[in-house]
Structure formats: C-alpha cells, structure tokens
Amino acid sequence: MEQEKKASAQDDETVIPKKRPLNVVFIGHVDAGKSTIGGQILFLSGQVDDRTIQKYEKEAKDKSRESWYMAYIMDTNEEERDKGITVEVGRARFETETTRFTILDAPGHKSYVPNMISGASQADIGVLVISARKGEFETGFEKGGQTSEHVLLAKTLGVTKLLIAVNKMDEPTVNWSKERYDKIVEKMTPFLNSSGYKKKDVQFLPISGLLGSNLKTRVDKSVCPWWNGPCLFEALDAVEVPPRDPNGPFRMPIIDKFKDMGTVVMGKVESGTVREGDSLLVMPNKAIFTAGYKAVLHIHSVVEECEIVNNMICIEKFNDFSQLGRFTLRTEGKTVAVGKVTDLPTVGENA
Ligand code: GTP
Ligand code: MG
C-alpha cells in the first residue's frame, strides 16, 4: 500500500504527458492547399464555430477570394488574406487518439522559403501537400516549383517522415480520378527515394482539404470507391518517430524571442529535459568577434588578411546532435548546398 502511494506521488511530480507531443509541418508549392487543410483540421476538431466560418466566407468574398475562407483560419494577417498566400508560419494545435499535434503551416511561395525553413526546422514530421488539379501538380513539381525544394529542405532539416497528401481530389479536373492519383504517386516516388525518403518513410493519401474529405474520417466509398487506405488523422496517428533523449544534455535552438513580463524564448527541445528553476546558458552570448571584424590570419607559412563574415553561431557535430549539425546554403533565392557538420574546433582552439 505504502509503495503504491509512493508511486502515485511520483507520477504527480514527473510530468508524463498522456499523449505524445508532435510537431507537423505542412509544406508544398504555393496554392497547394496547406492553409486550407490546416483550417479544415481546426474546424473538424471543433475549434472554429460556424459563425466564424460564415464571417470568413464573407470576408473572402469581399476580397474576391471566395474559395480561400478555410485558409483564412490559418492566414490571419491582412497581407496574407489580401494576396491569398501564407507569409509567416501559422501555428495551431489539435489532438488525435494518441497525439497532441502542433501544426506549422509553412508558406509555399518561393519568396518565403526562409520562413518555410524555420517552420520545418521545428517539425518532427511533415505533410507534403500536392495539388492534383490539372496543371498545378505539373507547375509545382515538374516545372521548377517548390515541391522538390521543400522535400530536399525538409529532409536536411531533420523531418524524417512525410505524409504526401494528394489534395484537391474534388476539383472538377480531377474528380477523384484513380488514374490521376496513381500518376502523381508514380512520378513522385523516384524523386522522394532519391531525396533520402525510403519507402517506409513516406505514405500517400488522397484528400480534399476544401471539403474536408478523407481528413478526420475515411472518404465515402460513393465518392472514392477505390481508396481503401487511412484518412489523414489515422495516418498522422500512426506515424512513428524516434523519441528524443530526455536524459541527454539540454539543447534548444531559439527560434524566436519576445519581451512579456521578462524575456520569453521559443524553440523546439532537441535533447534533454528542462524544469522550473533550472539555470540555462544562452549561447552565443560571449562572442568576441562580430561580422565585419578585420584581422590578419597566420596559418602555417601563409599570412592573409581576413574578415569575420558571420557572427559566432552555435552548432554541433552531426554525429553528436543530428538536428544541430545540418546546414543549408541558399543564395539568390535558391538552395545551392546542403551538408553536415563533420568536425568542430574544440573550445579554445578557435581563439
Ligand atoms: P500558400 O500558403 O500561399 O503556399 O498556399 P496554400 O498551400 O496554403 O494554399 P491555400 O490553402 O491558400 O489554397 C489555395 C487555393 O486552393 C484556394 O483557392 C483554396 O480554396 C484552393 N484549395 C485548397 N484545397 C482545395 C481542395 O481540396 N479542393 C479545391 N477544389 N480547392 C482547394
Ligand atoms: Mg498557406
């Protein structure tokens, strides 16, 4: 009896979440339907009432963007609503049977790839949204659209599993055509494999974000007789990701900060556990050099003028912390290289 009591007291102290927390980023070419799906998920999980939807319907109509009303749930600022595109990563939460999800709704437009990178770097898994609409799949994937860039970036940023939501299946040019769906799967699969996503890491499914079909419940056979697989919620529920090490050293890259009765920082914990009262070290906070600092470099017999081109940044070797040891180089709006940090100077060596 005594022991039992002890055990339950311990349970009270240690916060053991009943459901696993998981961050899911929605990625894909502009207009594929990411925000619409995000909005629909919130609607289907009872977080948005009919009156709000009606309000958005009216607002979208006034802006001659009738079909965007579901996306307005995620796209909250004026610029996004006027232009019908996501600029900043939208955030929302919902729960399935096993999981507490945080949705990160990334922008698809090529001008906002840096924002997409920030969203994907916080995610455990991704939903790659592809429009099945005639011409849109082609523009997004085959003709230099963001579908492939997003896949490569997601892989580099540590998104290990992808659900591929073939969206807009309701659209008149698609009309839940099995042929169109199969063609998209066939064209995407070799590319996904060559990007490092093995067969076991990806799962395709047909959906309509606008109508909410095959999201929370399986699509009706009268609508799509050939689909025997899961709906999006079921597929999300079933995704398994390697757990983070709660006993490792505490590591949390800071994504954003703001002041509100003290300094608040936001980020995703990659390793370790933090408790109230813990003292944490925020790095880099002792950077001696800053960008633009000029000096003379002596290295073996060579003497060269040099310039510090970047602020000191915190990184880790890929082998120690894969999430903190990956990098992407982009120039003039294009991703030109992805890589891993294989070695670092030990402290003191770089002085
Ligand atoms: P960005 O954030 O700018 O990258 O776009 P997005 O992927 O978030 O697309 P968004 O949700 O803004 O939708 C773009 C357009 O596609 C809107 O007109 C939507 O109504 C339409 N759309 C999205 N999902 C569906 C769908 O399932 N069926 C149909 N017919 N249209 C859809
Ligand atoms: Mg969007």
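We count ligands from 1, going down the list as the structure has it; atoms in each ligand are counted the same way.
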Exercise for the section: Walk me through it: do Glu171 and Lys134 pass the test salt bridge (charged side-chain N to carboxylate O under 4.0 Å, His left out)? Expected result: CA-CA 9 Å; Glu171 217 274 333; Lys134 192 174 178 191; over 6 Å; no
Exercise for the section: Kindly indicate whether a cation-pi arrangement holds for Lys187 with Phe141, taking the cut-offs as under 6.0 Å to the six-membered ring centre and within 45° of the axis. Expected result: no
Exercise for the section: Decide side chain to side chain contact (heavy atoms under 4.5 Å, CB included) for Glu79 and Val87; before the verdict, give the C-alpha distance in whole Å, the side-chain angles of both, and the deciding distance to 0.1 Å. Expected result: CA-CA 8 Å; Glu79 182 192 359; Val87 176; 4.1 Å; yes
Practice task
Could you confirm whether Thr36 has any N/O/S atom lying under 2.8 Å from the Mg ion (ligand 2)?
Solution key: no
Problem - N, O or S atom of Met74 closer to the Mg ion (ligand 2) than 2.8 Å - result: no
Problem - side chain to side chain contact (heavy atoms under 4.5 Å, CB included) assessment of Ile207 paired with Val166 - result: CA-CA 6 Å; Ile207 62 163; Val166 180; over 6 Å; no
Polar atom proximity, [X] to ligand 1 (N or O, under 3.5 Å):
X      : answer
Asp170 : yes
Pro107 : no
Asp31  : yes
Ile85  : no
Gly28  : no
Gly33  : yes

Problem - Geometric class of the His109/Tyr112 ring pair [parallel <30°, tilted 30-60°, perpendicular >60°] - result: tilted
Completion exercise
A student checking ligand 1 against Ala32 at a 4.0 Å heavy-atom cut-off should list atoms 7 (O), 9 (O)
Handout entry: Sub-4.0 Å heavy-atom approach of Asn167 to ligand 1
Key = yes
Completion exercise
Among Ala71, Ala106, Ser67, Gly212, the residue with a heavy atom nearest to atom 19 (C) of ligand 1 is Ser67
Problem - Closest candidate by heavy atom, reference atom 10 (P) of ligand 1, pool Thr86, Ile207, Thr36 - result: Thr36
Exercise for the section: Evaluate the salt bridge (charged side-chain N to carboxylate O under 4.0 Å, His left out) criterion for residues Asp105 and Arg91: first the C-alpha distance (whole Å), next the side-chain angles of each, then the deciding distance (0.1 Å), finally the verdict. Expected result: CA-CA 6 Å; Asp105 174 29; Arg91 280 172 180 273; over 6 Å; no
Among all protein heavy atoms in this structure, tell me which lies nearest to [atom], with the distance rounded to 0.1 Å.
atom                    : result
atom 7 (O) of ligand 1  : Lys34 NZ, 2.7 Å
atom 22 (N) of ligand 1 : Lys168 CE, 3.5 Å
atom 27 (O) of ligand 1 : Gly209 N, 2.9 Å
atom 12 (O) of ligand 1 : Trp68 NE1, 3.1 Å

Handout entry: Ile27, Val89, Ile85, Val30 screened by side-chain contact (heavy atoms from CB on, under 4.5 Å) with Pro107, the one that passes
Key = Val89
Fill in the blank from the handout: Between Ser35 atom OG and Thr86 atom OG1, the angle centred on the Mg ion (ligand 2) rounds (to 10°) to 90°
Problem - Check against salt bridge (charged side-chain N to carboxylate O under 4.0 Å, His left out), Glu59 and Arg81 - result: CA-CA 9 Å; Glu59 186 181 339; Arg81 290 184 177 179; 3.1 Å; yes
Practice task
For atom CD of Glu88, decide whether the heavy atoms of other residues, nucleotides or ligands shown that lie under 6.0 angstrom number more than 12.
Solution key: no
Exercise for the section: Give the intermediate values and the outcome of side chain to side chain contact (heavy atoms under 4.5 Å, CB included) for residues Phe191 and Ser148. Expected result: CA-CA 8 Å; Phe191 168 73; Ser148 37; 3.2 Å; yes
Exercise for the section: List the steps and the verdict of side chain to side chain contact (heavy atoms under 4.5 Å, CB included) for Ile103 and Val127. Expected result: CA-CA 10 Å; Ile103 300 176; Val127 174; over 6 Å; no
